[in-house]
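As structure tokens, the structure follows; a few thoughts come after it.
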Amino acid sequence: MQNNLVIYNSLSRKKETFKAINYPFVGLYVCGPTVYSDAHLGHARPAIIFDVLHRYLLHLGYKVRYVRNITDVGHLEDETAGEGEDRITKKARQEHLEPMEVVQKYLNTYHRNLDQLNTLPPSIEPRASGHIIEQQELIKEILEKGYAYEVNGSVYFDVLKYNEKYKYGKLSGRILEDLQSNTRTLEGQDEKKNSFDFALWKKAAPEHIMKWPSPWSVGFPGWHLECSAMSVKYLGDVFDIHGGGMDLQFPHHECEIAQSTAAHGKESVNYWMHNNMITINGQKMARSLGNFITLDQLFSGNHPVLTQAYSPMTIRFFILQAHYRSTVDFSNEALQAAEKGMQKLMKAIETLNKLKPSATSTVDIDKLRKKCYEALDDDLNSPIVLSHLFEGVRIVNSLLDGTEKTDETGLQSLKEFFNTFVFEILGLKDESSGTGDEKLTDELMKIIIELRQEAKNKKSGQHRIRSGMI
RNA sequence: GGUCGGUUAACCGAGUGGCUAGGUAGCGGUCUGCAAAACCGUUUACGGCGGUUCGAAUCCGCCACCGACCUCCA
């Protein structure tokens, strides 16, 4: 495959040329959400970023198997409390629902929101609860290889033992000695040999609702395990790309690497990609911090910090305006700027469809197209792609003004240019026909004018309509 | 405390050792009976102090500030 796609690999901390293991197939695994409350702005980012990657790979001609998991198995919320209650169980108790009802409810919202954001669905969306057996099998493998130990019905990963042969901490740049001296002393960890060991299987307390039988105890799998088990099941021992939020780099992804390596004797991921966080007032937006804005709130404007509603495409545009490895700070101003920018882009595309060709051409679309590919190839630099698209906008408007000219071929390639990058790859769509206030007003005005004309003809009620209009 | 990252004009946000990113706002203009909209053009930059270099916002060092991770998190 001839392509020049370069991806920043978190593992090597370098940009690397992307080479698929088994052309034309690409295996892409992205960590999805734990479904226990409404999806928020932070969830939109990886969904959109990896959607663009997905779309771009498809555009380049790859056959992509895109796997994005759903964490629907309760994991301990607060180990410091000793008697940890997992988040889904807690929510179920609060809302008087079955745990699986909680899961379904928020999974539905998540799907609806991502659909509104115009993301393509993943090829497979495996749930942790549906892969308990696979996870148990993986635990057995790790136990057999000697990198785990059982205590009181729970199974823990032996990090120190693993570190003798492999290197623990390579993804996040952590050194085991530092971890040893710096990890806070948490209560309820007496079972572990070392504080940095992590659970593969956890024996459930009697009141714990989500639990499954296993050779060790009635319990539930450790959080990091599902991704190791499911990625390998659907993408093979070694696959191309694993993505997720930067906050998952440690410990989640580090533990995944350790588990897979311990079980299979080799690493399973070629390229690790991590998107940065969305911040609000300079702080990370997260459910656990309580400073998040849900996507439904953004779309409806129903939140104290929002001065207006923002459409799904405004959110998408806003996120694409920043590079995925940078933090992006939320503000009404920034969202409004994104909204106007996107409208300008869409308007130009509308204008383009009305343009008439000239005999000669003064514009060079090929050059622009090439620049867009270069930007995408350079670690998915969507802000640069957008800047080139706005150069295209300038051209369209100049054509309308008559300061630039182009022939039929040029017009056609300009249309293809926008179609490819705006709609196909960046995944934006024109919302104006459905929700635009201006269009709605225009339509309503037309009806009122017609009514007035009608009333005028019948000589009835015209004064009311006229005075109302003025 | 440890590890890592950031500090770019009014706001958001790219970027390269020398050549205008882009969007929004502002300003000037075109158009319009006026205005709005639209369009065209355009002013404010690279946290501080040193160093390398013919030349640094871009490389190096120190300092300041901010953030992320180290505990669940997208």
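Quick note on labels: first sequence line is chain A, next is B, and so on, each numbered from 1. Please read all numbers here as calculations on a predicted model, not as lab measurements. Side chains included, hydrogens not; waters and symmetry mates left out as well; all remaining heavy atoms used.
Listed by first and then second residue, the salt bridge (charged side-chain N to carboxylate O under 4.0 Å, His left out) pairs involving residues 294-306 of chain A are Arg112(A)-Asp296(A) (not counting sequence neighbours). Listed by first then second residue, pairs satisfying ring pair (Phe, Tyr, Trp, His ring centres under 6.0 Å) with a partner in residues 281-312 of chain A read His40(A)-Phe292(A), not counting sequence neighbours. Residue pairs that meet the salt bridge (charged side-chain N to carboxylate O under 4.0 Å, His left out) test with at least one member in residues 305-326 of chain A, sequence neighbours left out, are Asp51(A)-Arg316(A), Arg325(A)-Asp379(A).
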Problem - Ser172(A) vs Gln249(A), side chain to side chain donor-acceptor pair (under 3.5 Å): CA-CA, chis, key distance, verdict - result: CA-CA 6 Å; Ser172(A) 54; Gln249(A) 206 167 26; over 6 Å; no
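Legend: residues meeting ring pair (Phe, Tyr, Trp, His ring centres under 6.0 Å) with His242(A), ordered by chain and number and at least two apart, are Tyr29(A), His253(A), Trp272(A). With sequence neighbours excluded, no residue satisfies ring pair (Phe, Tyr, Trp, His ring centres under 6.0 Å) with Phe239(A). Contacts of His131(A) classified as ring pair (Phe, Tyr, Trp, His ring centres under 6.0 Å), with partners at least two apart in sequence or in another chain: Tyr234(A). Here Gln104(A) pairs with Asn108(A), Arg127(A) under the side chain to side chain donor-acceptor pair (under 3.5 Å) rule; sequence neighbours left out. The ring pair (Phe, Tyr, Trp, His ring centres under 6.0 Å) check on Phe417(A) picks up Phe421(A), with sequence neighbours excluded.
Cation-pi geometry between Lys193(A) and Tyr149(A) is satisfied (NZ or CZ under 6.0 Å from the ring centre, within 45° of the ring normal). The cationic group of Arg287(A) lies under 6.0 Å from the six-membered ring centre of Tyr36(A) and within 45° of the ring axis, placing it in a cation-pi geometry.
The same atom, C1', is picked in rU7(B) and in rC46(B); the two are 10 Å apart, to the nearest Å. Using atom C1' as the reference point in both rU58(B) and rA21(B), the two lie 15 Å apart (nearest Å). As rounded to the nearest Å, rU24(B) and rA9(B) have C1' atoms that lie 13 Å from one another. Distance noted for atom C1' between rC11(B) and rA45(B): 13 Å (whole Å). On the C1' atoms, rC40(B) is 45 Å away from rG50(B), given to the nearest whole Å. Taking atom C1' in both rG17(B) and rA57(B), one finds a spacing of 10 Å when rounded to whole Å. Distance noted for atom P between rG6(B) and rA10(B): 23 Å (whole Å). rU8(B) sits 37 Å from rU30(B) when the P atoms are compared, rounded to a whole Å.
Protein atom CE of Met342(A) is 16 Å distant from nucleotide atom C1' of rC12(B), rounded to whole Å. Between the C1' atom of rG22(B) and the CZ atom of Phe390(A) lies a distance of 7 Å, rounded to the nearest Å. The separation between Gln343(A) atom CD and rA36(B) atom C1' is 15 Å, rounded to whole Å. Atom CG in Leu335(A) sits roughly 18 Å away from atom P in rG23(B) (whole-Å rounding).
Nucleic acid contact class of Val30(A) (heavy atoms, under 4.0 Å, all strands): none. Within the nucleic acid shown, Gly42(A) comes within 4.0 Å of at least one base atom, counting heavy atoms only. Ile278(A) comes within 4.0 angstrom of a nucleotide base, judged by non-hydrogen atoms across all strands. Within the nucleic acid shown, His40(A) comes within 4.0 Å of at least one base atom, counting heavy atoms only.
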Fill in the blank from the handout: Protein heavy-atom contacts under 4.0 Å, written 5' to 3' over nucleotides 39-48 of chain B as B (base), S (sugar-phosphate only) or - (none), form the string SS--------
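Residues from residues 286-299 of chain A placing a heavy atom under 4.0 Å of any atom in RNA chain B, listed by number, are Ala286(A), Arg287(A), Ser288(A).
At least one side-chain nitrogen or oxygen of Lys340(A) sits closer than 4.0 Å to the OP1 or OP2 atom of rA25(B).
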For nucleotides 14-16 of chain B, list the nitrogen or oxygen atoms of the protein found under 3.5 Å from its nitrogen or oxygen atoms, one pair per line.
{"residue": "rA14(B)", "atom": "OP1", "partner": "His323(A)", "partner atom": "N", "Å": "2.7"}
{"residue": "rA14(B)", "atom": "OP1", "partner": "Ser326(A)", "partner atom": "OG", "Å": "3.0"}
{"residue": "rG15(B)", "atom": "OP1", "partner": "Asn381(A)", "partner atom": "ND2", "Å": "3.3"}

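Helical stems of RNA chain B (runs of at least 3 Watson-Crick or G-U pairs, donor-acceptor distances under 3.5 Å) are listed by first residue: B:1-7 with B:64-70, B:10-12 with B:22-24, B:26-30 with B:38-42, B:47-51 with B:59-63.
Closest approach to the Phe250(A) side chain among rG13(B), rC4(B), rC70(B) is made by rC70(B) (side chain taken as heavy atoms from C-beta onward).
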